[in-house]
Amino acid sequence: NNCALPVQVFCRVTHLKITAPQESPNTNGIDISASNRLYIYDSFIGTDDDCVAINEFSSYINISRIMCGPEHGINIGSLGKDGAYETVEEVHVADCTFTGTMNGARIKTWKRGRGYARKISFEGIRLINAGNPIIIDQTYVNRMAGTMGGEVEDDSLLSSGDLEISDVTYGGVTGSSSDARMVYFNCESGARFRDIVVEDVQMSSFLFWGGGAIVCGPQ
């Protein structure tokens, strides 16, 4: 990681320029865990992995006016690996731009995780040729682990966990997508998933997929 922020209480981070070569794996720009009342704004982040990752036991995180790209966008998680109990709440992302990223506004949880991700908003988001502009993935698995000497968990053998995603709002999302799925909710029967609001999304895509621009269901 370029900038790790563990156990911070009331901290402002601004006017940063964080970069890493695209061939350098797992280089998050800013990695947050066990922190609250953190403000990140007016910065440029271009790395090989997440621009900002908000991880376990973080709350009241405010992110605004970030120029993000390329690679993975702004992520909540991943949460709940190996059945862990982890929580994130009161995360608010506003007025950010994603350019050429693989994902835009993303929430990802492991299939058998426990805990919650709640009271989250992404508003005033602009995407330029970005993949998966809006994505919630409740069956996340690190498929890159095998290429880096780790073990890939067989998510087909796992049952849905008790990590609930709720009270999430996406509003004022504009721009262009490199993916035909502009809104993708990857959730399975039995997953805890409620009160998700998507409003005022105005995007174009370079592709057209027969399933439509909004997809909800298993991968």
Among the clusters formed by ILVMFWY side chains lying less than 4.5 Å apart, do [X] and [Y] turn up in the same one?
| X | Y | answer |
| --- | --- | --- |
| V201 | F185 | yes |
| M67 | I18 | no |
| Y170 | V183 | yes |
| F193 | V168 | yes |

Min side-chain heavy-atom separation [X]-[Y] under 4.5 Å:
| X | Y | value |
| --- | --- | --- |
| F122 | V91 | no |
| C96 | I63 | yes |
| M182 | V198 | no |
| L38 | V13 | yes |
| F98 | I74 | yes |

For the pair [X] (side chain) and [Y] (backbone), establish whether a donor and an acceptor sit closer than 3.5 Å, ignoring hydrogens and angles.
| X | Y | value |
| --- | --- | --- |
| T47 | T27 | yes |
| R114 | G83 | yes |
| E199 | T169 | no |
| T101 | T99 | no |
| S58 | V88 | no |
| S43 | H15 | yes |
| S204 | S176 | no |
| D137 | T139 | yes |
| N28 | D50 | yes |

Cation-pi, Y60 ring and R37 (6.0 angstrom, 45 degrees):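 Satisfied, under 6.0 Å and within 45°.
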
Cation-pi check, R12 onto Y39 ring (under 6.0 Å, within 45° of axis):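 Cation-pi check for R12 and Y39: passes.
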
Verdict with reasoning, N36 to F57, per side chain to side chain contact (heavy atoms under 4.5 Å, CB included): CA-CA 8 Å; N36 65 76; F57 307 116; over 6 Å; no

Verdict with supporting geometry, R126 and V173, side chain to side chain contact (heavy atoms under 4.5 Å, CB included): CA-CA 6 Å; R126 182 174 180 238; V173 180; over 6 Å; no

Plane angle bin for Y140 and W110 - parallel if under 30°, tilted between 30 and 60°, otherwise perpendicular: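 W110 and Y140: perpendicular rings.
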
Give, for atom [atom1] of [X] and atom [atom2] of [Y], the distance between the pair rounded to the nearest 0.5 Å.
| X | Y | atom1 | atom2 | answer |
| --- | --- | --- | --- | --- |
| R106 | Y184 | CZ | OH | 10.5 Å |
| E90 | R118 | CD | CZ | 8.5 Å |
| I54 | I76 | CD1 | CD1 | 4.0 Å |
| I120 | S166 | CD1 | OG | 8.0 Å |
| S78 | E56 | OG | CD | 9.0 Å |
| I107 | I196 | CD1 | CD1 | 6.5 Å |

Side chain to side chain contact (heavy atoms under 4.5 Å, CB included) assessment of T109 paired with R192: CA-CA 11 Å; T109 65; R192 303 180 66 187; over 6 Å; no

Least distance between heavy atoms, [X] atom then [Y] atom:
| X | Y | result |
| --- | --- | --- |
| P70 | C51 | O-SG, 4.5 Å |
| Q138 | I165 | CG-CD1, 3.6 Å |
| A53 | G77 | CB-O, 4.3 Å |
| D82 | R112 | OD1-NH2, 3.9 Å |

Reference residue D179; test side chain to side chain contact (heavy atoms under 4.5 Å, CB included); the match among N132, N129, N103: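 Only one option passes, and that is N132.
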
Reference residue V93; test side chain to side chain contact (heavy atoms under 4.5 Å, CB included); the match among I125, I66, V52: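 Answer after filtering I125, I66, V52: I125.
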
Stepwise salt bridge (Lys or Arg N to Asp or Glu O under 4.0 Å) check, D42 with R65: CA-CA 5 Å; D42 293 334; R65 300 187 299 278; 2.5 Å; yes

Verdict with reasoning, I45 to L16, per side chain to side chain contact (heavy atoms under 4.5 Å, CB included): CA-CA 8 Å; I45 304 172; L16 296 182; over 6 Å; no

Whether over 12 other heavy atoms sit under 6.0 Å from M203 CE: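 Yes.
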
